[in-house]
Amino acid sequence: MKLDVTKEKLVQELVQDHKLEEARVKKIMDTGRRERKSIFQLLVEENLISEPEIFDFLSERLSMPLLNLPAMRVSKDLIQLVPKRIIERHQILPVSRIGNLLSVAASDPFNLMFQDDLKKLTQCHVVVVLAPPRMIGSAIEAYYGGASNLEQILENLDDEKLEIIRGEETEDEGKTKQATEREAEDAPVVRMVDVILAQGIKSRASDIHFEPYEKEFRIRYRIDGTLKEAFRQSRDIYNLIVARVKIMATLDITEKRLPQDGRFRVSIGGKDIDMRVSILPIYHGEKIVLRILDKSSMKTGLNQIGYTEKQTAAFATAIRKPYGMILVTGPTGSGKSTTLYTVLNTLNTIERNIMTVEDPVEYQVHGITQTQVRPDVGLTFASGLRSLLRQSPDVILVGEIRDTETGDIAVKAALTGHLVFSTLHTNSAAGAFTRLMDMKVEPFLIASSVVCVSAQRLMRRICQYCKTAMPVPEEVLRRCHLKLSDLDGAEIFKGKGCAKCNQTGYFGRIPASEVLLVDNEIRDLVIGRKSSDAIEKVAVEKGMETLFLNALGIFKRGITTLEEVLRVTSNE
């Protein structure tokens, strides 16, 4: 494809339009020639111009369409047309073919080498369309990164055996299931499910999603809080995969109309990992979500939670109290359970009777008596907690306070000599008080029982394998209501994206938190039914570090990015 304008002329226009320093741009151009990198991408990496600006500019000046790749679907024929090695070498993606006209998404329209390679390989005329490099990288990973068919998946099974550990099947499962069971235990299906589980565990996934559609199904892993597609496959064997998972979790394989929940355990590399199973009937079959619960993620000691020193000290003050209620708040997936189990592990000694009532029991811990809620037989949080109090507990964990009855019993237990831990879904620590009041729990009971509330979110860590120093764009500073002087002494980094982090620039997560210790003034505000804003204001005056400030401190230490701080907190 011939371009009517040179790369140098476009760069000069950018220099004039955006008032860039010519000397610095010249140096970047020399780097681009020497390292064979796109000058436009280098300008973005050096924060001289934003990625949307550069690609809007190129699209307009070169009259090239700018694609939104995540909204597109590339056909299997196109994926098979161009070998993976060429795709990865040039970071391009074929997006459509009409006759002998092949459209290819690229971030550098001046890279003529891939156009020549594709023309020879496909005998097609190549038309270049634009897409940002990170978008192309994600699409390559989605279409070429995972195995695309059963044979390729089975080739990935290594010698490390994944052993399924599950309970005995009940006698009343019935003879009608035997044929389906035999099919589901067929070697290829068993091996395929083993590979899906093993790859999920090795990829550090927290969840595995099995999602059926009309003609195919897909597998996605949630890694560091973000879903990533592993592969797609035709629907032919999906029902057998569902049956295999049900057999592993000792669920009813003939029941396809109602949701089912179960669990099983796998052993891989000498490590036992619990799998929590949720099966939901949907329009095209049954969707399965497996929650991977790795006991090794539970540590002993408050300093292992990941809180900063100030928050850890505040939390430690609360759990040293002989009785009272300690609440951990945050949205689903914010690490509340992991935090509470780490605290329970700290308190788990021979002298203490620790009991829990949960739905579901996520981690099975030796030395702790755990009760699974079963509403179908009348065992609710409230009834379970009421019975649990007759067992002479010292420490109680209520999985979640969901209603007035549970909240009322929990706060009364905290007032009668028990240390009670629980969770709530609120946006802030101060919001826990108003949430309990919304549940009709009496304010004087809340004020007398609650000794500490911790709110937390999980932020992604910068990948240590591709970490690089990076200035913060002014636009991001404005969104945070910060000035450049606010970042004095900060270590500012960003992940470029590499194979280790799947081109995301992030690897692992760390909690941002705020810990509110209740004193007499806070109690008076609660009894007076004051708003969460009023409670938070007083708590901040007394030294509480808000979620935003805590997250900002983690950013300044070079552990996460300002974009992550903005994603999980608010600086209003």
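Nothing here was measured: the structure is a model prediction, and the numbers come from that model. Throughout, numbering of the chain's residues begins at 1 and tracks the sequence.
Distance CD1/I196 to CD1/I219: 4.0 Å, rounded to 0.5 Å. Note that the OH atom of Y307 and the OG1 atom of T312 stand 8.5 Å from one another [nearest 0.5 Å]. A distance of 10.5 Å separates CD1 in I241 from CG in D236, rounded to the nearest 0.5 Å. In this structure, the separation between CZ on R263 and CE on M248 is 13.5 Å, given to the nearest 0.5 Å. How far SG of C501 is from NZ of K496: 12.0 Å, rounded to the nearest 0.5 Å. Taken to the nearest 0.5 Å, the CD1 atom of I326 stands 13.5 Å off from the OG1 atom of T423.
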**Asked** Taking it one step at a time, do Y283 and E214 satisfy side chain to side chain donor-acceptor pair (under 3.5 Å)?
**Response** CA-CA 9 Å; Y283 188 75; E214 184 179 4; over 6 Å; no

**Request:** List the steps, then state whether side chain to side chain contact (heavy atoms under 4.5 Å, CB included) holds for I268 with I273.
**Result:** CA-CA 8 Å; I268 182 170; I273 294 171; 4.3 Å; yes

**Verdict with supporting geometry, L197 and F264, side chain to side chain contact (heavy atoms under 4.5 Å, CB included)** = CA-CA 12 Å; L197 299 184; F264 61 91; 4.1 Å; yes

**side chain to side chain contact (heavy atoms under 4.5 Å, CB included) assessment of V450 paired with V453** = CA-CA 8 Å; V450 178; V453 185; 3.7 Å; yes

**Request:** In sequence, state the C-alpha distance, the side-chain angles, and the governing distance for D207 and I292, and then conclude on side chain to side chain contact (heavy atoms under 4.5 Å, CB included).
**Result:** CA-CA 6 Å; D207 304 271; I292 300 175; over 6 Å; no

**Prompt:** Does the side chain to side chain donor-acceptor pair (under 3.5 Å) test come out yes or no for T226 and D224, once each step is laid out?
**Reply:** CA-CA 6 Å; T226 303; D224 294 334; over 6 Å; no

**Request:** Apply the test side chain to side chain donor-acceptor pair (under 3.5 Å) to residues Y506 and R461: give CA-CA distance (whole Å), side-chain angles for both, the deciding distance (0.1 Å), then the verdict.
**Result:** CA-CA 5 Å; Y506 297 100; R461 289 177 178 265; over 6 Å; no

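Residues passing the side chain to side chain donor-acceptor pair (under 3.5 Å) test with E514: none are found, sequence neighbours excluded. Under the side chain to side chain donor-acceptor pair (under 3.5 Å) criterion, R567 pairs with E564, sequence neighbours left out. Partners of P281 by side-chain contact (heavy atoms from CB on, under 4.5 Å), not counting sequence neighbours, listed by chain and number: P259. Checked against salt bridge (Lys or Arg N to Asp or Glu O under 4.0 Å), E491 has no partners two or more places apart in sequence or in another chain. With sequence neighbours left out, the ring pair (Phe, Tyr, Trp, His ring centres under 6.0 Å) criterion links F555 to no other residue. With sequence neighbours left out, the salt bridge (Lys or Arg N to Asp or Glu O under 4.0 Å) criterion links R220 to E211. Taking the side chain to side chain donor-acceptor pair (under 3.5 Å) definition, one finds that S532 meets it with nothing, sequence neighbours left out. The side chain to side chain donor-acceptor pair (under 3.5 Å) test applied to T560 returns no partner, not counting sequence neighbours. In this structure, the side-chain contact (heavy atoms from CB on, under 4.5 Å) partners of S75, at least two apart in sequence or on a different chain, are D77, L78. By the side-chain contact (heavy atoms from CB on, under 4.5 Å) test, R402 pairs with D359, F381, E400, sequence neighbours left out. For the side-chain contact (heavy atoms from CB on, under 4.5 Å) test, residues two or more places apart in sequence or in another chain that qualify with P65 are V129. Looking at residues two or more places apart in sequence or on another chain, you find no ring pair (Phe, Tyr, Trp, His ring centres under 6.0 Å) involving F493.
For the residue pair Q91 and I136, the shortest heavy atom distance occurs at O-CG2, 3.5 Å. In plain terms, the two heavy atoms of A455 and S428 that are nearest each other are CB-C, 3.8 Å. When all heavy atoms of V515 and C452 are compared, the closest pair comes out as CG1-SG, 3.6 Å. Annotation for P94 and V74: closest pair O-CG1, 3.4 Å, computed over non-hydrogen atoms. When all heavy atoms are compared, the tightest approach of G558 to I462 is O-CD1, 3.9 Å. Across A314 and L517, no two heavy atoms sit closer than the pair O-CD2, 3.4 Å.
Looking at V242 and F210, their side chains never come closer than 4.5 Å, going by heavy atoms from C-beta outward. Using a 4.5 Å cut-off on side-chain heavy atoms (C-beta onward), I279 and K287 make no contact. With a 4.5 Å cut-off on side-chain heavy atoms, L280 and V289 do not count as touching. P132 has its side chain out of reach of S107: every pair of non-hydrogen atoms, C-beta onward, lies at least 4.5 Å apart. With contacts defined as side-chain heavy-atom distances shorter than 4.5 Å, the pair M275/V266 qualifies. Residues N550 and Q311 form a side-chain contact, since some pair of their non-hydrogen atoms from C-beta on lies under 4.5 Å apart. In this structure, the side chains of R244 and M192 stay at 4.5 Å or more apart for every pair of heavy atoms. Contact check for L344 versus T356: side-chain heavy atoms found under the 4.5 Å cut-off.
Ring geometry for F217 against Y238 counts as tilted: the plane angle lies between 30° and 60°, on a 0 to 90° scale.
Stacking of K228 on the aromatic ring of Y221 is not recorded, the 6.0 Å distance cut-off and the 45° axial limit not both being met.
Results of the side-chain contact (heavy atoms from CB on, under 4.5 Å) test with V328 over L424, T338, L340 single out L340 as the only residue that passes.
Using a cutoff of 4.0 Å between basic side-chain nitrogens and carboxylate oxygens, R232 and E229 are scored as salt-bridged. Salt-bridge check for R265 with D274: passed, with a basic side-chain N closer than 4.0 Å to an acidic carboxylate O. Ion pairing between a basic and an acidic side chain is recognised when a charged N comes within 4.0 Å of a carboxylate O; E545 and K310 show no such pairing.
Although no hydrogens or angles enter the test, the distance criterion places no donor-acceptor pair under 3.5 Å between the side chain of T250 and the main chain of K246.
Side-chain N/O atoms of E358 and Q370 include a donor and acceptor closer than 3.5 Å.
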